[in-house]
Student: 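The structure is given below, and queries will be raised subsequently.
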Amino acid sequence: MFSLKGRVAVVTGGSSGLGVQMAKGFAGQGADLVIMARRLDKLEKVAEEIRSLGVKCLPVQCDVTNTDQVNKAAEAAIKEYGKVDILVNCAGSAKNAGVLNMTDEEWDFTVDTDMTSVFKVTRAFAKYMVEKKYGRIINIASMYGLVGNTAIDTVAYHSSKGGVVNFTRAVAAELAKYNITCNAICPGYFATELTIDTLKTEAFTNYMKATVPMGRYGKEGELNPAAIFLASDEASYVTGAILTVDGGYTAV
Ligand code: NDP
């Protein structure tokens, strides 16, 4: 079960963090890859590592907030492989502030990067899945898309990730007739470029220990089984699901 041999998987945010981990996880299951992000030097390095696992990997420089670049990235993927089976919307970033202090610029940046980009990338790639009557779309939301939090004010991030959660359900309903599934993963705290400065502080570590039943951060690779499952042929009747991988944070 869960072989991805012969499948083509696109991962946005493929230059660092969870995107790299999932891309390598898919490669380990035999999938060929397209990895997208803005930093081409990093993408090329990751692509080399993925190729060493015995699969193909196409790095595509792309700002996922830019419609034209996103559409061109989809065309490049189709030119290379002729199809796209799996799409993981993982690219993300955030400007953190609370509702009382957040500027329009901070709000727009976060919503554009974390939510509108998911729409743009899905629109660009899903049309090719429709042609083949096969697709697995996986949106990386966040446990912060399901709840608020008391550790750090980040209202636009919560709002965007909540939007991604319900975007997932809407797309699942709309595209089911084309044999395309759409699911979301809501990660908890994983140490990456995005989070390390916050997570490593003593104050946040204490907060985590008090709020995460498992009492620890997620480890490298611990998101991969969820992504591989949702990307697999075997998950053919799973759509519109919101899967938390958060050490139990949202269970309490
Ligand atoms: P990283 O900062 O390590 O990775 C973010 C990735 O997104 C990078 O590859 C970055 O590439 C890419 N990216 C950011 N903005 C853009 C853009 N405008 N266009 C294209 N690519 C972009 O963070 P994580 O791996 O932690 O985050 C990955 C996803 O997981 C995000 O959506 C995040 O919200 C989510 N998440 C993370 C959690 C965590 O604890 N780490 C918890 C819950 C959710 P580049 O800069 O090269 O463009």
Side-chain angles (χ1 to χ4, degrees), residues 10-25 33-47 59-70 72-74 87-96 108-121 124 138-147 149 151-152 154 156-165 167-168 184-200 204-205 207-208 211-212 214 216-224 226-227 242-247 249-250:
V10 176
V11 180
T12 73
S15 64
S16 76
L18 301 177
V20 175
Q21 293 174 30
M22 287 186 284
K24 288 182 177 169
L33 269 301
V34 177
I35 51 173
M36 291 162 56
R38 293 164 301 180
R39 290 171 295 176
L40 189 58
D41 52 333
K42 288 217 165 214
L43 282 179
E44 278 169 349
K45 200 164 159 285
V46 174
V60 179
Q61 187 171 32
C62 174
D63 181 336
V64 290
T65 65
N66 181 305
T67 301
D68 193 44
Q69 289 184 29
V70 166
K72 288 205 168 98
L87 168 65
V88 182
N89 282 305
C90 182
S93 187
K95 298 227 188 274
N96 297 326
D108 290 344
F109 171 87
T110 307
V111 172
D112 280 353
T113 309
D114 289 333
M115 186 175 70
T116 309
S117 70
V118 176
F119 152 65
K120 288 181 175 178
V121 175
I138 302 164
N139 298 323
I140 306 305
S142 168
M143 64 184 184
Y144 279 11
L146 302 172
V147 292
N149 91 93
I152 183 165
T154 183
Y157 187 78
H158 280 290
S159 306
S160 304
K161 294 299 189 176
V164 169
V165 165
F167 173 83
T168 299
I185 298 175
C186 291
Y189 298 124
F190 284 79
T192 63
E193 272 181 34
L194 186 68
T195 58
I196 187 67
D197 288 343
T198 307
L199 266 48
K200 71 182 180 196
F204 204 89
T205 304
Y207 170 78
M208 177 277 293
T211 55
V212 176
M214 297 288 284
R216 62 173 177 82
Y217 297 126
K219 293 182 194 155
E220 180 164 353
E222 277 191 315
L223 207 58
N224 290 1
I242 312 300
L243 179 53
T244 53
V245 182
D246 65 358
Y249 183 92
T250 49

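Just so you know, ligand 1 is whichever comes first in the structure, and atom 1 is the first atom listed for that ligand. Treat the numbers as computed from the prediction; the structure is a model and nothing was measured.
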Student: Enter the distance from Arg216:CZ to Tyr189:OH here, rounded to the nearest 0.5 Å.
Tutor: 15.0 Å
Student: Hey, which atoms in ligand 1 end up nearer than 4.0 Å to a heavy atom of Arg39?
Tutor: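 Result: 11 (O), 45 (P), 46 (O), 47 (O).
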Student: Could you check whether any side-chain heavy atom of Ile140 comes within less than 4.5 Å of a side-chain heavy atom of Pro187, counting everything from C-beta outward?
Tutor: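 They are in side-chain contact.
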Student: Could you check whether Lys42 pairs with Glu193 (Lys NZ or Arg NE/NH1/NH2 to Asp/Glu carboxylate O, under 4.0 Å)?
Tutor: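 Yes.
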Student: Could you report the tightest heavy-atom contact between Pro59 and Leu43, atom names first, then the distance?
Tutor: CB-CB, 3.9 Å
Student: At the 4.0 Å heavy-atom cut-off, does Met143 count as touching ligand 1?
Tutor: no
Student: Which of the atoms of ligand 1 are close to Thr195, meaning less than 4.0 Å from one of its heavy atoms?
Tutor: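 Counting atoms of ligand 1 from 1, those under 4.0 Å from Thr195 are 39 (C), 40 (O), 41 (N).
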Student: Do the charged groups of Lys45 and Asp41 touch, with an N to O distance under 4.0 Å?
Tutor: no
Student: Minimum distance, heavy atoms only, to atom 33 (C) of ligand 1: which one of Tyr157, Tyr189, Tyr217 is it?
Tutor: Tyr157
Student: Donor-acceptor check, side chain of Thr65 to backbone of Thr113, threshold 3.5 angstrom: yes or no?
Tutor: no
Student: Identify the closest protein heavy atom to atom 25 (O) of ligand 1: which residue and atom is it, and at what distance?
Tutor: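 Protein heavy atom at minimum distance: Leu18 N, 2.7 Å.
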Student: Please confirm whether Thr192 comes within less than 3.5 Å of ligand 1 when only nitrogen or oxygen atoms on both sides are compared.
Tutor: yes
Student: Tell me which protein heavy atom sits closest to atom 29 (C) of ligand 1, plus the residue, atom name and distance to 0.1 Å.
Tutor: Cys90 O, 2.9 Å
Student: Under 4.0 Å, heavy atoms only, figure out whether ligand 1 is touched by the backbone of Thr12, its side chain, both or neither.
Tutor: neither
Student: Look only at the side chain of Asn149 and the backbone of Ala151, and say whether a donor-acceptor pair between them is shorter than 3.5 Å.
Tutor: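 Yes: the side chain of Asn149 pairs with the backbone of Ala151.
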Student: Find out whether Ile152 and Tyr157 are in side-chain contact, i.e. whether some heavy atom of one side chain is under 4.5 Å from a heavy atom of the other.
Tutor: no
Student: Evaluating non-hydrogen atoms only, which member of Gly17, Ala91, Ser16 is closest to atom 4 (O) of ligand 1?
Tutor: Ser16
Student: What protein heavy atom lies closest to atom 10 (C) of ligand 1? Include the residue and the distance to one decimal.
Tutor: Ser15 OG, 3.8 Å
Student: Just to confirm my output: which protein heavy-atom neighbour is closest to atom 27 (O) of ligand 1, and how far is it?
Tutor: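 Ranking protein heavy atoms by distance from atom 27 (O) of ligand 1, first comes Leu194 CD2, 3.9 Å.
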Student: Evaluating non-hydrogen atoms only, which member of Ala73, Ser160, Pro187 is closest to atom 43 (C) of ligand 1?
Tutor: Pro187
Student: Indicate whether the side chain of Lys120 and that of Thr67 have a donor and an acceptor atom separated by less than 3.5 Å.
Tutor: yes
Student: Fit a plane to each ring of Phe204 and Tyr217, take the angle between them on a 0 to 90° scale, and name the class: parallel (under 30°), tilted (30 to 60°) or perpendicular (over 60°).
Tutor: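 Parallel.
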Student: Report the nearest protein non-hydrogen atom to atom 40 (O) of ligand 1: residue, atom name, distance rounded to 0.1 Å.
Tutor: Phe190 N, 2.8 Å
Student: Identify the protein heavy atom lying closest to atom 38 (C) of ligand 1, giving its residue, its atom name and the separation to 0.1 Å.
Tutor: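 It is Gly188 O, 3.8 Å.
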Student: Applying side-chain contact (heavy atoms from CB on, under 4.5 Å) to Ile138 and Ile185, what does each step give before you reach the verdict?
Tutor: CA-CA 7 Å; Ile138 302 164; Ile185 298 175; 3.8 Å; yes
Student: Return the OH to OG distance between Tyr249 and Ser142, rounded to the nearest 0.5 Å.
Tutor: 9.0 Å
Student: May I have the step-by-step check of side-chain contact (heavy atoms from CB on, under 4.5 Å) for Met115 and Phe167, ending in yes or no?
Tutor: CA-CA 9 Å; Met115 186 175 70; Phe167 173 83; 5.9 Å; no
Student: Please state which option from Met36, Arg38, Met22 has its nearest heavy atom closest to atom 15 (N) of ligand 1.
Tutor: Arg38
Student: Which atoms of ligand 1 have any heavy atom of Thr113 under 4.0 Å away?
Tutor: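 Going through ligand 1 atom by atom, the ones under 4.0 Å from Thr113 are 15 (N).
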Student: Considering heavy atoms of the protein only, find what lies nearest to atom 12 (C) of ligand 1 and give residue, atom and distance to 0.1 Å.
Tutor: Gly13 CA, 3.7 Å
Student: Could you list the atoms of ligand 1 found under 4.0 angstrom from a heavy atom of Glu193?
Tutor: 2 (O), 3 (O)
Student: What protein heavy atom is closest to atom 20 (C) of ligand 1, reported as residue, atom name and distance in Å?
Tutor: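 Minimum-distance protein heavy atom for atom 20 (C) of ligand 1 reads Cys62 O, 3.2 Å.
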Student: Is any N or O atom of Val64, backbone or side chain, closer than 3.5 Å to an N or O atom of ligand 1?
Tutor: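 Yes.
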Student: For ligand 1, which part of Ala141 has a heavy atom less than 4.0 Å away: the side chain, the backbone, both, or neither?
Tutor: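 Answer for Ala141: backbone.
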